[in-house]
Amino acid sequence: MKTNYEIRYATHPEDAKHYDTTRIRREFLIERLFANDEVNMVYSMYDRMVVGGAMPVNEALKLEAIDPLKADFFTTRREIGIYNVGGAGKVKVGDETFELDYKEALYIGRGERDVIFNSNDASQPAKFYFNSTNAHTAYPCRIITKQDAVVAHMGSLEMSNERNINKMIVNQVLPTCQLQMGMTELAPGSVWNTMPAHVHSRRMEAYFYFELPEDQSICHFMGEPQETRHLWMRGEQAVLSPEWSIHSAAATHNYT
């Protein structure tokens, strides 16, 4: 197996105004999350969030404690939220094993335990997308399905933004420290995931786009409301969204 990581530093909005396209992509876009038998992640100085992906094909993949964490275990001072966006797989957390099917999520609470990713079938490997934040206490691990979610149906086809927001790793469903994750599914014919655009001054976010056909693309809008920027993306890529930035997207096809 192979673990790759990089550190992304926080950016002042006044500085970001001067970035060209190449610099914007380098600072905010995460182009490579999934590769055979690799764990890839970005450690962001925004809230010290880790955004990553693991794709076990021929071997099990261990979530290693990268150097910025300064810990023996990845979970020593962290909680993790995982979504499986590929074939069926399993995640072993210490002595427990959790089976995850497509679009099912797993919350892992703080605790010094190994986290190991496996696919059930190498010909249809699992793809584990994960976010991790610092945790002040330990909460139990738990699988969350769409049946457990708090679902908000929003928008309309006429406005091109009919969608279901599945709130899954949120405090209405289970206790967490600061990690919150959901899954927005756009209806066929709809392309906007958030409208009107807004900011969250109390937290950063990460946006991961999937279920987008290979020959289609998505445009993520970011920046301060009065001076926006955009990022063209493919499916199964992610973008860091600073707390001062709007976060909205439109694509050439519906997506999740």
Side-chain angles (χ1 to χ4, degrees), residues 8 10-21 23-25 27-31 42 44-47 49 51 81 83 85 103 105 129 131 133 146 149-173 176 178-213 216-256:
R8 302 278 182 98
T11 304
H12 193 284
E14 287 295 322
D15 296 329
K17 289 180 181 180
H18 303 288
Y19 290 175
D20 62 11
T21 300
R23 180 75 185 275
I24 290 172
R25 295 178 71 83
E27 297 292 340
F28 301 107
L29 178 61
I30 304 173
E31 296 187 79
V42 167
S44 171
M45 291 302 182
Y46 289 108
D47 297 339
M49 179 186 276
V51 178
Y83 277 81
V85 297
K103 287 188 175 180
Y129 170 74
N131 290 168
T133 54
K146 286 205 295 181
V150 176
V151 182
H153 182 78
M154 301 186 71
S156 66
L157 185 59
E158 290 78 11
M159 298 298 290
S160 302
N161 64 359
E162 184 180 0
R163 62 204 188 275
N164 280 336
I165 302 174
N166 301 281
K167 303 175 185 180
M168 295 171 71
I169 303 179
V170 296
N171 293 132
Q172 300 103 304
V173 176
T176 70
Q178 58 176 318
L179 184 66
Q180 305 279 282
M181 295 179 73
M183 182 171 61
T184 300
E185 298 173 303
L186 275 70
S190 290
V191 296
W192 288 99
N193 63 12
T194 301
M195 190 53 64
H198 53 278
V199 298
H200 296 297
S201 59
R202 63 191 173 93
R203 66 168 187 258
M204 64 84 68
E205 294 185 318
Y207 277 79
F208 170 72
Y209 297 101
F210 70 108
E211 287 194 321
L212 186 70
Q216 303 297 308
S217 57
I218 188 165
C219 190
H220 178 90
F221 295 91
M222 61 170 294
E224 292 183 283
Q226 71 276 13
E227 192 163 348
T228 61
R229 299 290 186 269
H230 65 272
L231 286 164
W232 281 103
M233 303 171 60
R234 296 292 187 185
E236 298 188 349
Q237 294 182 339
V239 63
L240 301 174
S241 179
E243 71 284 346
W244 47 262
S245 176
I246 68 165
H247 39 273
S248 185
T252 56
H253 192 280
N254 66 302
Y255 53 92
T256 298

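All residue numbers in this chain count up from 1 along the given sequence. FYI, side chains are in, hydrogens and waters are out, and symmetry mates aren't considered; it's all heavy atoms of this structure.
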query: Tell me, which pairs form a side-chain hydrogen bond (donor to acceptor under 3.5 Å, both in side chains) where one or both residues lie in residues 232-244, sequence neighbours left out?
result: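 Qualifying pairs: Lys127-Glu236.
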message: Show, in sequence, the C-alpha distance, side-chain angles and deciding distance for Arg23 and His18, and conclude whether the side chain to side chain contact (heavy atoms under 4.5 Å, CB included) test is met.
response: CA-CA 9 Å; Arg23 180 75 185 275; His18 303 288; over 6 Å; no
message: Contact between Lys103 and Phe210 at the side-chain level, heavy atoms closer than 4.5 Å - yes or no?
response: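 Sidechains of Phe210 and Lys103: in contact.
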field: Side chains of Met233 and Tyr207 in contact at under 4.5 Å (non-hydrogen atoms)
entry: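 No; the side chains remain at least 4.5 Å from each other.
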- request: State which residues pass side-chain hydrogen bond (donor to acceptor under 3.5 Å, both in side chains) with Arg203; sequence neighbours excluded, sorted by chain then number.
  value: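 Listed in chain order: Glu205.
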To the nearest 0.5 Å, what is the distance between [atom1] ([X]) and [atom2] ([Y])?
{"X": "Met49", "Y": "Asn131", "atom1": "CE", "atom2": "CG", "value": "4.5 Å"}
{"X": "Thr133", "Y": "Gln178", "atom1": "OG1", "atom2": "CD", "value": "4.0 Å"}
{"X": "Glu162", "Y": "Asn254", "atom1": "CD", "atom2": "CG", "value": "10.5 Å"}

- request: Measure the acute angle between the ring planes of Trp192 and Phe221, then classify it against the limits of 30° and 60° as parallel, tilted or perpendicular.
  value: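 Trp192 and Phe221: parallel rings.
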- prompt: Can you say whether the rings of Tyr209 and Tyr255 are parallel (under 30°), tilted (30 to 60°) or perpendicular (over 60°)?
  reply: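 If you compare the ring of Tyr209 with that of Tyr255, the planes turn out perpendicular.
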Just by distance, do the side chain of [X] and the backbone of [Y] share a donor-acceptor pair under 3.5 Å?
{"X": "Arg229", "Y": "Gly223", "answer": "no"}
{"X": "Ser248", "Y": "Thr194", "answer": "yes"}
{"X": "Arg8", "Y": "Tyr46", "answer": "no"}

message: Show the nearest heavy-atom pair for residues Val51 and Ala238, with the distance to one decimal.
response: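 Where Val51 meets Ala238 most closely, the heavy atoms are CG1-CB, 4.3 Å.
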task: Check side chain to side chain contact (heavy atoms under 4.5 Å, CB included) between Gln216 and all other residues, then give those that pass, not counting sequence neighbours.
output: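 Listed in chain order: Leu212, Pro213, Thr252, His253.
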